[in-house]
A.B. asks: 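Below is a structure I'd like to ask you about.
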Number of protein chains: 2
Amino acid sequence: MQTPRTPARRLSRYLPILGWARTYDKDTLTSDLVAAVIVTIMLIPQSLAYALLAGLPAEMGLYASILPLIAYAIFGTSRALAVGPVAVVSLMTAAAIGNLGLSDPVQIALAAGTLAFISGVILLSLGILRLGFLANFLSHPVIAGFITASGVLIAASQLKHILGIDMHGHTLVGLIETMVAHLGDINWITLLIGGSATAFLFWVRKGLKPLLLAKGLKPRVADILAKAGPVGAVIVTTLLTFAFSLADHGVKIVGEVPMGLPPLTMPSFSPDLWGQLFLSGLLISIIGFVESVSVAQTLAAKRRQRIDPDQELIGLGASNISTAMTGGFPVTGGFSRSVVNFDAGAETPAAGAFTAVGIAFATLLLTPLLFFLPKATLAATIIVAVLSLVDFSILPKAWKYSRVDFAAVAATIVLTLGFGVEAGVSAGVMLSIGLHLYKTSRPHVAEVGLVPGTQHFRNILRHDVETDETIVTLRVDESLYFANARFLEDYVLNRVACDQPIKHVILMFPAVNEVDMSALETLEELNRRLKEMDVQMHLSEVKGPVMDRLQRSHFLDELNGKVFQSQFDAWKALSGPAPAASAAS
Amino acid sequence: MQTPRTPARRLSRYLPILGWARTYDKDTLTSDLVAAVIVTIMLIPQSLAYALLAGLPAEMGLYASILPLIAYAIFGTSRALAVGPVAVVSLMTAAAIGNLGLSDPVQIALAAGTLAFISGVILLSLGILRLGFLANFLSHPVIAGFITASGVLIAASQLKHILGIDMHGHTLVGLIETMVAHLGDINWITLLIGGSATAFLFWVRKGLKPLLLAKGLKPRVADILAKAGPVGAVIVTTLLTFAFSLADHGVKIVGEVPMGLPPLTMPSFSPDLWGQLFLSGLLISIIGFVESVSVAQTLAAKRRQRIDPDQELIGLGASNISTAMTGGFPVTGGFSRSVVNFDAGAETPAAGAFTAVGIAFATLLLTPLLFFLPKATLAATIIVAVLSLVDFSILPKAWKYSRVDFAAVAATIVLTLGFGVEAGVSAGVMLSIGLHLYKTSRPHVAEVGLVPGTQHFRNILRHDVETDETIVTLRVDESLYFANARFLEDYVLNRVACDQPIKHVILMFPAVNEVDMSALETLEELNRRLKEMDVQMHLSEVKGPVMDRLQRSHFLDELNGKVFQSQFDAWKALSGPAPAASAAS
């Protein structure tokens with residue numbers, strides 16, 4: 001399973017570009033170029049919109065969609081992932097920068113770049129230390145709950161642009177409160193534009209493609225036209241705003257977007273600012289990584305390719321450091337754009353690099369055309385995009401499967417909506433871990449007996465099995481470690497105390513994968529106590545790794561019984577001359 | 001195992017005094033009274049010393065040894081536990097109050113009372129919510145490391161009284177630095193008193209009892225005389241200080257201790273102060289509870305009694321609330337005094353109540369006699385007491401058994417010495433949990449084969465077993481949950497990808513005690529992928545609780561293979577007409 005470690009192989013592990021660039025040919029180039037054109041068209045309004053969502057000037061969205069894509073093309077392992085500003089990370093950026101209470105736009109942009117830099121350093125360090133597995137500590141239900149709640153928050157936050165009123169806050173309650181307070185200030189022209197754009201985009205998403213197919217277009221062309229919907233909305237509303245001077249009637253527009261390539265910028269290295277942003281940077285890194293890796297894995301699986309999570313960390317780290325150096329803000333691999341890229345036929349990360357070139361051209365040539373673009377249109381594209389992420393069906397699904405998983409999802413949703421994204425995701429992680437520890441701290445212990453005619457032992461409460469009144473066999477269904485060691489001791493002593501004829505306790509360990517030092521001390525104690533009660537303590541089916549470890553202690557020498565390879569061996573050795581029938585007990 | 005739930009039973013569960021008071025007779029009274037006298041004599045110097053260690057006036061140590069003992073006698077379940085100020089909790093109190101940077105003695109005393117009150121409320125709440133199992137999250141090695149490092153810190157902090165110099169700091173480095181800086185200020189008379197007292201007390205502990213036994217005294221009398229050593233040191237050094245007016249030569253003395261019963265006091269309810277003290281209160285509660293419960297369980301086991309950890313939380317909570325109301329500071333069940341109480345024959349918690357009466361008499365009558373008591377003598381009693389807790393042998397023991405446990409102990413010791421008690425114990429808990437999750441996130445997966453002539457399957461790398469080249473059986477040695485779900489998916493796909501003839505993958509689940517929702521989604525995904533590769537996925541030996549849960553999802557309907565009760569059934573059904581010999585593959 002290991003690839004041979006020639007120097008070239010080793011280098012291409014850290015620079016995946018060396019792997020695919022060697023076999024790059026004209027066909028691949030064509031596929032990548034087509035995909036790049038489609039993604040570029042889609043990305044221009046999206047980048048502007050997410051900058052707006054993050055509370056930053058629109059051009060920063062374009063800047064964040066150039067160099068980071070090239071950095072990912074060099075260091076990333078996914079062939080179809082499209083990197084750039086994404087909804088959830090932009091919302092988290094807005095929350096992190098909002099906490100600083102800045103008002104100077106220069107300071108705000110500097111803080112956004114610094115946040116991206118911190119996140120880049122964190123991702124890069126985790127990648128170099130090969131700590132990609134840490135992302136596994138976000139359980140699936142917690143991620144699902146977090147994404148759903150974030151979608152609701154993002155959509156709510158965009159209502160201010162649709163309604164043309166002032167709204168702020170990072171929680172659902174805060175947003176609704178300010179909305180209600182300013183309902184009197186609604187700008188009806190803005191609402192008309194925003195409302196129509198939203199309705200149009202929803203229709204494009206659901207109704208346009210079937211219509212085009214019905215008109216006889218090829219599926220692929222219909223698909224691309226449907227994806228270009230936001231661009232249509234941008235063009236039409238910009239022209240209307242320009243033609244009727246709607247800006248003079250209170251419609252908020254994007255205004256002047258500087259023309260030209262991104263500036264070279266340096267993040268701040270102020271320890272104060274790093275201190276204030278570090279936790280946010282960590283959360284953004286984790287969430288961004290998890291989102292990106294899930295997308296990348298889904299797409300890789302469709303083409304039987306593999307991605308390397310540790311190398312993905314390096315790719316995303318490089319992207320975030322480069323966005324910090326070129327006037328951008330935190331980026332990651334986005335779901336919708338990656339799917340578009342994949343569907344459009346992107347075969348290598350070069351497609352991403354070509355997209356970067358496309359966006360760079362846009363910053364050079366198209367920015368004057370964006371002057372009259374209404375912010376309401378951008379808000380409409382965000383709302384339509386994020387509402388597709390909102391999926392409360394995880395709640396009944398989790399409820400049905402397990403109350404513990406349900407508790408984690410529900411808490412994540414409620415806390416994200418009620419206290420903001422950072423509180424929500426932190427609580428989700430801690431709750432997942434806490435509930436897991438709680439479950440394992442009270443392990444399932446089954447008393448087992450012999451299934452007649454076999455060598456198999458099952459739970460006496462669930463199966464019709466043979467038992468012997470002098471033997472009690474307890475199958476411990478959990479690794480033994482500090483959190484549950486005392487529980488087992490209490491369980492065994494209670495079981496033995498209430499049943500006189502017991503002479504042998506067999507602890508059956510097929511499910512015990514670890515015995516840590518706390519548990520070892522508890523087993524020693526249990527052995528001593530049972531000895532005092534004239535009961536022998538035996539072990540059976542102890543696994544290799546656990547046995548190896550027990551042999552490093554004195555426990556096996558002191559054990560007041562034997563260790564049997566199989567439970568059947570233990571049964572043959574300990575049960576009476578004739579196997580005791582269950583009727584006898 | 002459940003006691004019948006009559007109303008009286010239920011009440012006596014919350015008021016254990018109702019249980020033992022009914023059968024109280026003259027013999028029990030005599031035993032309890034004897035124990036109380038011995039513990040009182042031992043407790044007077046100890047209480048003064050621990051108040052000093054906590055940075056508080058000496059009389060607060062006495063106040064903390066009156067009402068809390070009576071509260072515990074009413075609510076506690078251990079028959080021999082002696083509650084009061086103890087070394088580690090006093091050190092943690094000093095650290096917590098030191099953080100506040102107060103200089104007014106009235107404010108300091110108020111903060112100490114408030115800390116006890118917070119701790120009492122936390123303990124009581126945990127008890128009422130029956131969350132006593134939370135204490136299990138402190139692993140044994142972490143506790144051992146913490147106690148050892150605290151012992152070193154406490155002994156070092158007392159050197160200032162022995163040397164008669166100014167030293168401060170809550171870390172070993174800080175203490176040594178200030179010691180070195182003030183070495184020129186050593187008061188030699190203080191050093192002579194402190195040094196002799198320390199040497200004397202060490203000798204009393206090790207050498208006096210054998211000597212008395214050799215002189216023909218009865219073991220019990222010899223034991224009691226040896227325990228009275230500190231009282232002897234107190235009397236002799238006080239008389240010397242008085243006779244030679246040593247206080248005029250710079251020997252620090254206890255000075256005026258107010259006469260009379262403890263005052264009624266109220267804790268502060270300032271939200272600011274609660275905010276500053278809450279975390280410290282939580283850590284003190286946890287450490288105090290763990291220390292107290294281990295002592296109580298050890299002693300209860302010797303007399304085949306049981307304690308109820310949840311009720312212990314209530315008992316200790318009541319003790320801390322009552323110490324807060326009567327001019328004291330945080331208390332818990334102490335190791336040495338409880339052992340003395342037990343050895344002296346205490347049979348019920350009434351012994352504690354009698355001890356409280358003894359201490360109350362001392363505050364009424366003896367405080368003037370303490371005026372000339374040198375602080376160096378009290379420091380000597382602390383040093384001798386805590387050095388018996390210091391035991392670095394946990395380090396080699398843990399190293400030999402498991403590197404993970406060793407890492408937890410070593411980090412706890414280093415962080416406690418280097419950054420203080422609060423950092424040490426917090427890091428210890430987080431490290432224990434983190435390392436446990438890390439271990440379970442990369443589970444042991446064994447490929448197994450049939451042990452010839454049995455129905456038993458073992459690891460093909462460790463045992464000589466039969467295999468079939470079309471079947472790969474993987475025994476998963478861990479519960480499947482969010483942290484390791486992806487690991488299993490990768491493992492199985494890698495295994496199948498590199499071996500062409502495989503037609504069946506059997507996941508053997510005897511050690512899988514849980515499949516959470518994240519893992520379920522991974523299994524569904526794995527099933528889809530294997531189906532695409534024309535490989536059937538089967539499960540065997542799925543345990544009852546896991547099967548129940550899987551049946552709540554669609555997974556079993558979609559499963560591209562079967563679920564077998566035993567691995568042998570799976571083998572019989574799937575391996576070729578004649579069992580394939582391993583030579584064939």
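Letters A, B, ... mirror the listed sequences (proteins, then strands); counts begin at 1.
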A.B. asks: Among the options A:Ala446, A:Ser553, A:Ala485, A:Ala398, pick out the one with the most heavy-atom pairs lying under 4.5 Å from chain B.
C.D. replies: A:Ala398
A.B. asks: Hey, mind stepping through A:His444 and B:Glu514 against side-chain contact (heavy atoms from CB on, under 4.5 Å) and telling me if it holds?
C.D. replies: CA-CA 10 Å; A:His444 181 250; B:Glu514 192 212 337; over 6 Å; no
A.B. asks: Please test B:Met517 against A:Val142 for side-chain contact (heavy atoms from CB on, under 4.5 Å), starting from the C-alpha separation and ending with a verdict.
C.D. replies: CA-CA 10 Å; B:Met517 212 166 140; A:Val142 164; over 6 Å; no
A.B. asks: Where does A:Glu478 contact chain B at under 4.5 Å (heavy atoms): side chain, backbone, both or neither?
C.D. replies: both
A.B. asks: Testing the basics here: between B:His140 and A:Thr522, what is the closest heavy-atom pair and its distance to 0.1 Å?
C.D. replies: CE1-OG1, 4.0 Å
A.B. asks: Please classify the contact of B:Val515 with chain A as side chain, backbone, both or neither, using a heavy-atom distance under 4.5 Å.
C.D. replies: both
A.B. asks: Can you tell which of A:Ala144, A:Ala408, A:Ser479, A:Ala511 has the highest number of heavy-atom pairs within less than 4.5 Å of chain B?
C.D. replies: A:Ala511
A.B. asks: Report the distance from atom CG of A:Asp516 to atom CG of B:Leu435, rounding to the nearest 0.5 Å.
C.D. replies: 10.5 Å
A.B. asks: So what's closer than 4.5 Å to chain A heavy atoms on B:Arg549: side chain, backbone, both or neither?
C.D. replies: both
A.B. asks: Report which part of B:Tyr481 has an atom under 4.5 Å of a heavy atom belonging to chain A: side chain, backbone, both, or neither.
C.D. replies: side chain
A.B. asks: Name the region of B:Ser402, side chain, backbone, both or neither, that has any atom closer than 4.5 Å to a heavy atom of chain A.
C.D. replies: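 Both parts, backbone and side chain.
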A.B. asks: Identify which part of B:Gln551 has an atom lying under 4.5 Å from any heavy atom of chain A, answering side chain, backbone, both or neither.
C.D. replies: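 It is neither, since no heavy atom gets under 4.5 Å.
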A.B. asks: Where does the angle between the aromatic ring planes of A:His436 and B:Phe482 fall among parallel (under 30°), tilted (30 to 60°) and perpendicular (over 60°)?
C.D. replies: perpendicular
A.B. asks: May I ask you to name which of A:Arg442, A:Arg475, A:His463 has the most heavy-atom pairs under 4.5 Å with chain B?
C.D. replies: A:Arg475
A.B. asks: Is a side-chain donor or acceptor of A:Lys543 paired with a backbone partner of B:Asp477 at a separation under 3.5 angstrom?
C.D. replies: no
A.B. asks: Below 4.5 Å, heavy-atom pairs only: which of A:Pro510, A:Pro545, A:Ala519 has the largest tally toward chain B?
C.D. replies: A:Pro545
A.B. asks: Given heavy-atom pairs under 4.5 angstrom as the criterion, report whether the side chain, backbone, both or neither of B:Gln455 touches chain A.
C.D. replies: both
A.B. asks: As an exercise, state the distance from NE2 of B:His554 to OH of A:Tyr401, rounded to the nearest 0.5 Å.
C.D. replies: 12.5 Å
A.B. asks: Heavy-atom distances under 4.5 Å only: say whether B:Ile433 touches chain A with side chain, backbone, both or neither.
C.D. replies: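 Backbone plus side chain of B:Ile433, per the 4.5 Å heavy-atom cut-off to chain A.
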A.B. asks: Need one label for B:Asp569: side chain, backbone, both or neither, based on atoms under 4.5 Å from any heavy atom in chain A.
C.D. replies: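 B:Asp569 has no heavy atom closer than 4.5 Å to chain A.
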A.B. asks: Count the heavy-atom pairs under 4.5 Å between each of A:Thr440, A:Leu520, A:Val404 and chain B, then report the option with the highest count.
C.D. replies: A:Leu520
A.B. asks: Of the non-hydrogen atoms in B:Arg552 and A:Lys400, which two are nearest, and what is the gap between them?
C.D. replies: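 Residues B:Arg552 and A:Lys400, closest heavy atoms: CD-O, 3.0 Å.
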A.B. asks: Return the OG to CD1 distance between B:Ser518 and A:Ile143, rounded to the nearest 0.5 Å.
C.D. replies: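 Here the rounded value is 7.5 Å.
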